[in-house]
Amino acid sequence: MAVRPRPKIRALLIDISGTLMIDSTPTQEAVQALAELRRSKFPFRFCSNTSKESTSVLQKRMLDAGFDVQTGESQELWTSLKAVRSLIRSRGLKRPYFLLSESAKDECISGGLYDHGAPYDAVIVGLAPALFDYDHLNSAFRILVGEHDSQKRCGEDPKTSIPLIALHKARYLESSGHGLVLGPGPFVTALENATEREAEVLGKPSKAFFQTVIESLDCEGCDPEGCIAVIGDDIRTDLGGGAIDLCLWRILVKTGKYRAGDECKEGVHPPDEVCDSFADFVDELLSTHVAECSKE
């Protein structure tokens, strides 16, 4: 249901976890809906904060679930891990301290730039449940305040600002068979609180992340008429921040982590539209799209 009349939509940014699938299980009729979207040649991009696994593992999981997705270094799938890899290169980081799964970490340092002999020069946090214990979080804290052994051995200036980088700050996620589980957000917030600094968020809902994805659409000659829509199950992470700043049409779906009343919680910017599922929205979108095309 749209809160106000839906404008002409020229492209769609699609969240994966909770919107298309929960763990490895597709949401209702999502596979068929995506296939219809592709057959109609309607422009879209996948936008994922998934950081528990590498992009290639995510692609394989989507394929195994039946989704028609491009593989390899595709312009179709954008993840926060790609943003991390780009940041490591652009800032010349030599040895970040990763709170990431092994496959996610390997993707971030795939350029071969990691120097095991250098002092830690950043802390990068994604979803890594096995690493969210006292020892790992304390190591991250000590690096951020310049008191880690690797920094002392190299005579690092303790006043040097070590960046705290978060792939995202989702408070919780939906896990198949378990319901809601903690996301990386509370652990990032703990490090922010202890070090009195703010984390730099690279994935959704950062404005820079959305802008990069939108630029990839514009480079492919996407119709400039109309607005870009974003669809997801998290009112804050998928549809907040940059999505609001860029005036995207924001669709909240009632799957994944969605719980009744999320759209009207205190402190959140209400979505432009609420739909039962990704499939329901695509069905309405394509019906409208066909009607618009027939008028032209």
Side-chain angles (χ1 to χ4, degrees), residues 17-18 23 48-55 57-58 79-85 87-88 91 93-110 113-175 178-206 209 234 236-237 240-241 257:
S17 179
D23 291 338
S48 174
N49 274 343
T50 299
S51 59
K52 195 176 179 181
E53 60 197 0
S54 67
T55 301
V57 171
L58 173 59
T79 69
S80 49
L81 288 174
K82 284 186 177 181
V84 170
R85 188 170 60 182
L87 178 138
I88 290 173
R91 295 193 186 175
L93 298 178
K94 296 180 179 178
R95 193 189 180 193
Y97 181 77
F98 292 103
L99 290 177
L100 289 175
S101 69
E102 281 302 314
S103 68
K105 175 182 173 181
D106 289 344
E107 178 174 337
C108 291
I109 59 176
S110 60
L113 303 176
Y114 198 78
D115 182 355
H116 290 275
Y120 288 115
D121 52 7
V123 170
I124 298 177
V125 187
L127 181 60
L131 303 181
F132 289 152
D133 55 30
Y134 179 84
D135 287 343
H136 287 96
L137 289 169
N138 188 49
S139 292
F141 164 75
R142 286 171 55 75
I143 291 164
L144 290 167
V145 297
E147 297 199 4
H148 191 267
D149 291 345
S150 70
Q151 296 160 311
K152 293 178 179 179
R153 285 196 301 269
C154 295
E156 283 286 292
D157 181 357
K159 296 180 181 179
T160 300
S161 179
I162 304 296
L164 171 59
I165 299 163
L167 276 73
H168 63 98
K169 291 179 68 177
R171 301 176 184 183
Y172 49 83
L173 311 165
E174 177 77 8
S175 178
H178 299 285
L180 297 180
V181 296
L182 276 176
F187 302 97
V188 174
T189 299
L191 291 172
E192 288 179 318
N193 181 270
T195 60
E196 297 183 323
R197 71 185 66 188
E198 187 175 347
E200 179 178 353
V201 179
L202 297 187
K204 297 180 294 183
S206 78
F209 181 84
D234 188 325
R236 290 186 175 91
T237 303
K257 71 170 67 173

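All values reported here derive from a predicted model rather than from experimental measurement.
- In this structure, the separation between CG on L191 and CG on L99 is 7.5 Å, given to the nearest 0.5 Å.
- Contact annotation: the side chain of L87 approaches that of L93 to within less than 4.5 Å [non-hydrogen atoms, C-beta and beyond].
- Between the side chain of Y120 and the main chain of D149, no donor-acceptor pair closer than 3.5 Å is present.
- Classified by interplanar angle (parallel below 30°, tilted 30° to 60°, perpendicular above 60°), the ring pair H148/Y97 is tilted.
- Rounding to the nearest 0.5 Å gives a distance of 8.5 Å between OG of S17 and CD of E174.
- Of all the heavy atoms in E192 and K169, the pair that sits closest is OE1-NZ, 3.0 Å.
- Annotation: side chain of F209 is not in contact with side chain of L202 (no heavy-atom distance under 4.5 Å).
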Inset, instruction - Given side-chain contact (heavy atoms from CB on, under 4.5 Å), test L164 with E200 step by step and report yes or no. - result: CA-CA 6 Å; L164 171 59; E200 179 178 353; over 6 Å; no

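- Put simply, CD on E107 and CD on E53 are 10.0 Å apart, with the number rounded to the nearest 0.5 Å.
- Nearest heavy-atom pair across S80 and G203 is CB-CA, 3.8 Å.
- Put simply, the side chain of T50 does not reach to within 4.5 Å of the side chain of T79, judged on heavy atoms.
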Inset, instruction - Kindly indicate, with the supporting measurements, whether the criterion side-chain contact (heavy atoms from CB on, under 4.5 Å) is fulfilled by L58 and S48. - result: CA-CA 10 Å; L58 173 59; S48 174; 3.9 Å; yes

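- Rounded to the nearest 0.5 Å, atoms CZ (R171) and CG (L180) are 13.0 Å apart.
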Inset, instruction - Show your working on side-chain contact (heavy atoms from CB on, under 4.5 Å) between F187 and L182 and close with a plain yes or no. - result: CA-CA 9 Å; F187 302 97; L182 276 176; 4.2 Å; yes

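- The minimum heavy-atom distance linking S54 with S103 is given by the pair N-OG, 3.1 Å.
- Looking only at distances, a side-chain donor or acceptor of S101 sits under 3.5 Å from a matching main-chain atom of K52.
- Here CG of N193 is found 13.0 Å from CD of E198. Values are rounded to the nearest 0.5 Å.
- Taking all atoms of both residues into account, the shortest heavy-atom contact from C108 to I88 is O-CD1, 3.7 Å.
- The residue from V145, V123, I143 that alone fulfils the side-chain contact (heavy atoms from CB on, under 4.5 Å) condition with T195 is V145.
- Checked for salt-bridge contact, D121 and K94 miss the test: no charged N lies under 4.0 Å from a carboxylate O.
- Between T237 and K204 the shortest heavy-atom distance is O-CB, 3.3 Å.
- Taking each heavy atom of S51 and L100 in turn, the nearest pair found is O-CD2, 4.0 Å.
- A heavy-atom distance below 4.5 Å is not found between the side chains of L173 and D234.
- Note that the CG atom of L137 and the CZ atom of F132 stand 7.0 Å from one another [nearest 0.5 Å].
- Under a 3.5 Å cut-off, the side chain of R142 and the backbone N or O of E147 do form a donor-acceptor pair.
- One N or O on the side chain of R197 and one on the backbone of L144 form a donor-acceptor pair closer than 3.5 Å.
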